[in-house]
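Notes for the one structure printed next.
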Amino acid sequence: MHLCKLFLLLSVAVSVYGVFSEVNLVNNGYEGIVVAINPSIPEDASLVDNIKALLNEASPILWSATKNRAYLGEVTILVPSTWTGDYTQATHGQVYNKADIIVADPNPQYMDTPYTIQYQQCGDPGEYIHLTPNFLSQAEHDENYGSKGKALIHEWAHLRWGVYDEYASEGYAPFYYSNRGADQPYLEATRCPLALGGVTRYPNPTYGNQLEHCTTDPNNNFLPSEGCLFFPFGELGQPNDLSASLMSHQFVDQVVHFCHNDKTDPTNMHNKEAPNEHNRLCDQRSVWEVMMASSDFNAVNHPNPTLENILPTINVRQQPTNRYVLVLDTSGSMSGTNYEITMQASTDFIMNYVPNGAEVGIVEFSSLGYILSYLVTINSENDRQYLVNHLPGSPDGGTNIGSGIDMGIQVLENNGGVAAGGHLIVLTDGQGSGVDSIESEVRNKHVVVDSIFFGPSGNLDLQQLTEDTKGIMYYNDVTDITGLKETFKQLAESPDGNLYTNTYQGVTFTSY
């Protein structure tokens with residue numbers, strides 16, 4: 001998704017965080033990577049160890065593949081909030097729904113094969129990488145598919161640089177006729193580069209997948225018959241000094257780089273003719289060209305061969321409990337319809353949308369901010385009703401947004417609490433004041449500010465603060481109660497990856 005994403009629902013929402021908003025390449029090391037474990041995965045310390053092992057294996061591969069330009073510098077492994085080990089709680093932005101790599105149950109389409117969600121154009125980042133516990137734990141993967149570390153860097157290239165597969169993935173032909181440098185077209189296997197040597201064979205399932213010579217199909221332009229495959233020499237255990245692209249044959253031992261467009265190194269030149277997804281979506285540019293045009297390498301992060309430590313620093317943190325503070329504008333301009341629909345939507349947020357186990361507090365602000373309720377853990381209907389009973393009364397006075405935010409931080413920090421990771425949901429209809437006086441404190445304490453503005457525009461300082469804290473901005477029609485309720489519903493959706501703890505229409509769903 002783009003940095004700003006419009007949701008054309010009943011209200012308009014602008015997401016001001018994006019993929020890799022927290023990941024930066026600094027002095028050749030990636031910082032801010034989050035690997036998150038889905039709450040459906042049972043607690044297992046060995047799974048964390050397997051993730052660490054994979055990251056340590058992958059980082060030197062990335063270093064080599066980028067020719068001493070990038071490695072995995074700083075990574076956070078995020079375990080579910082339900083795990084009982086002694087973990088430090090994560091700070092803002094470190095939640096499952098914003099993770100770069102997730103570890104979750106298999107997708108029926110891919111089973112235990114790693115994959116990356118990509119929706120955008122060539123060169124644009126993907127959404128996330130999906131790994132499974134089985135992939136991380138099974139030694140058979142290395143035997144059957146090659147290095148797990150290379151598999152991860154293959155997916156990292158999808159995710160970070162927006163490149164695509166150079167092998168014959170689904171819908172692309174495994175063989176084609178090349179016109180390069182010959183009077184007559186000749187048969188080639190879809191691969192990158194052409195210098196990658198190998199043979200065309202048919203694995204016969206009747207005889208234990210024994211490899212047999214392929215026949216050609218006269219009904220298909222004399223291409224090899226269905227089921228014929230290209231086997232690189234390296235995969236067959238034969239010597240092969242040639243390299244190949246990690247987007248083409250990452251499972252072959254000798255493969256450690258990406259295809260490029262450097263004519264002085266012909267052995268790994270990009271194959272523009274091959275019918276594959278990367279050529280189609282990237283206008284036949286090499287993977288290396290797309291990488292070098294990215295913000296990671298475009299005139300920055302030059303090769304640093306003297307760097308010795310290229311293993312990641314890995315921190316293990318725990319998904320924070322969902323904490324929300326409603327920071328509601330009760331200035332005089334909120335009188336009438338604005339106040340009425342705010343109270344209706346806030347009531348629905350508390351009674352129907354906030355998941356059980358979450359903590360909710362309430363603040364109002366007009367000329368000053370006032371705490372109406374400190375954090376209450378929602379475990380029953382009585383807890384919800386208590387909070388509804390503490391929603392603000394009639395509007396009056398000015399619009400001191402900064403004072404409301406300050407009171408919201410005090411709610412999060414009450415009784416020795418830590419503000420980091422808490423969400424302040426600020427709803428206002430006016431330009432207001434005071435945001436500039438609280439900005440640095442909000443950033444330093446790693447609080448997330450989500451903003452709801454009545455009307456098509458909002459307070460510029462509050463917009464900037466929302467963007468800086470990786471919150472979400474909503475613009476709501478002042479007459480649209482349904483849209484405002486939908487806005488609150490979206491804000492209440494749990495960011496921990498658990499689809500079964502959200503509460504809608506008065507019904508709580510739990511997993512068994």
Side-chain angles (χ1 to χ4, degrees), residues 5-16 97 322-331 333-365 372-373 376 378 380-395 401 404 408 422-430 448-458 462-463 466 471-496 498-509:
K5 179 179 180 181
L6 295 179
F7 295 89
L8 299 178
L9 300 170
L10 297 173
S11 60
V12 178
V14 179
S15 172
V16 294
N97 285 0
N322 300 322
R323 292 174 296 151
Y324 311 95
V325 181
L326 293 175
V327 182
L328 305 176
D329 184 349
T330 55
S331 62
S333 60
M334 287 289 291
S335 298
T337 302
N338 287 358
Y339 172 75
E340 292 172 5
I341 68 172
T342 296
M343 292 305 102
Q344 291 179 49
S346 298
T347 298
D348 266 9
F349 175 79
I350 294 167
M351 296 299 296
N352 299 325
Y353 301 151
V354 179
N356 280 344
E359 300 176 10
V360 178
I362 303 173
V363 165
E364 68 169 327
F365 66 90
L372 302 181
S373 173
V376 172
I378 294 182
S380 68
E381 291 299 306
N382 288 338
D383 298 325
R384 297 178 188 273
Q385 191 59 57
Y386 171 87
L387 287 163
V388 169
N389 293 343
H390 284 75
L391 287 170
S394 301
I401 301 173
H423 281 251
L424 304 182
I425 302 176
V426 182
L427 186 152
T428 181
D429 74 334
V448 180
V449 176
D450 300 311
S451 301
I452 304 173
F453 297 105
F454 281 143
S457 63
L462 183 56
Q463 290 180 34
T466 302
I472 301 175
M473 287 187 293
Y474 293 82
Y475 298 90
N476 198 90
D477 188 327
V478 294
T479 63
D480 186 8
I481 177 60
T482 306
L484 185 56
K485 287 183 177 182
E486 182 66 31
T487 293
F488 273 115
K489 181 178 177 180
Q490 291 180 47
L491 286 169
E493 289 179 351
S494 176
D496 65 0
N498 192 341
L499 300 178
Y500 301 99
T501 58
N502 291 317
T503 303
Y504 301 119
Q505 299 178 356
V507 180
T508 301
F509 298 92

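Keep in mind the model is a prediction, meaning the values are calculated, not measured. Below, all heavy atoms of this structure are taken into account, side chains as well, without hydrogens, waters or symmetry copies.
With a 4.5 Å cut-off on side-chain heavy atoms, Asp329 and Phe365 count as touching. At least one side-chain heavy atom of Leu427 sits less than 4.5 Å from a side-chain heavy atom of Phe488.
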CA sep, side-chain torsions, deciding dist, call: Met334, Leu328, side-chain contact (heavy atoms from CB on, under 4.5 Å): CA-CA 10 Å; Met334 287 289 291; Leu328 305 176; over 6 Å; no

Verify side-chain hydrogen bond (donor to acceptor under 3.5 Å, both in side chains) between Gln385 and Asn389, making sure each step is shown before the conclusion. CA-CA 6 Å; Gln385 191 59 57; Asn389 293 343; 3.0 Å; yes

Show your reasoning for whether side-chain contact (heavy atoms from CB on, under 4.5 Å) applies to Val360 and Ser373. CA-CA 8 Å; Val360 178; Ser373 173; over 6 Å; no

Check the pair Val354 / Leu387 against side-chain contact (heavy atoms from CB on, under 4.5 Å), numbers first and verdict last. CA-CA 12 Å; Val354 179; Leu387 287 163; over 6 Å; no

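With hydrogens and angles disregarded, a donor-acceptor distance shorter than 3.5 Å links the side chain of Tyr339 to the backbone of Gly393. Side-chain atoms of Asp450 never come within 3.5 Å of backbone atoms of Ile425 as a donor-acceptor pair (strictly under, hydrogens ignored). Between the side chain of Asn476 and the backbone N or O of Leu484, at least one donor-acceptor pair lies under 3.5 Å.
What you find for Gly404 and Val363 is that their closest heavy atoms are O-CG1, 3.6 Å. Taking both residues in full, the closest heavy atoms of Pro355 and Ala492 are given as CD-O, 3.5 Å, listed atom of the first, atom of the second, then distance. Contact between Ile481 and Ala345 at its shortest, heavy atoms only, is CD1-N, 4.0 Å. In terms of heavy-atom proximity, Ile362 sits nearest to Pro392 at CG2-CD, 4.4 Å. Contact detail for Leu462 and Ser451: the closest heavy-atom pair is CG-OG, 3.4 Å. Closest approach of Arg384 and Asn352 over heavy atoms only: NH1-N, 4.4 Å.
Atom OG of residue Ser346 and atom CG of residue Leu391 lie 5.5 Å apart, to the nearest 0.5 angstrom. Between the CG atom of Asp429 and the OG1 atom of Thr342 there is a distance of 8.0 Å, given to the nearest 0.5 Å. Glu364 contributes atom CD, which lies 4.5 Å from atom CG of Leu372 (distance to the nearest 0.5 angstrom). A distance of 6.0 Å separates OG1 in Thr466 from CE in Met473, rounded to the nearest 0.5 Å. Atom CD of Gln463 sits about 5.0 Å away from atom CZ of Phe453, to the nearest 0.5 Å. Taken from CG in Leu326 to CZ in Phe349, the straight-line distance is 5.0 Å, to the nearest 0.5 Å.
Side-chain contact annotation: Asn382 with Ser380, donor-acceptor N/O pair under 3.5 Å absent.
Between His423 and Tyr324, the ring planes are tilted. Angles from 30° to 60° get that label.
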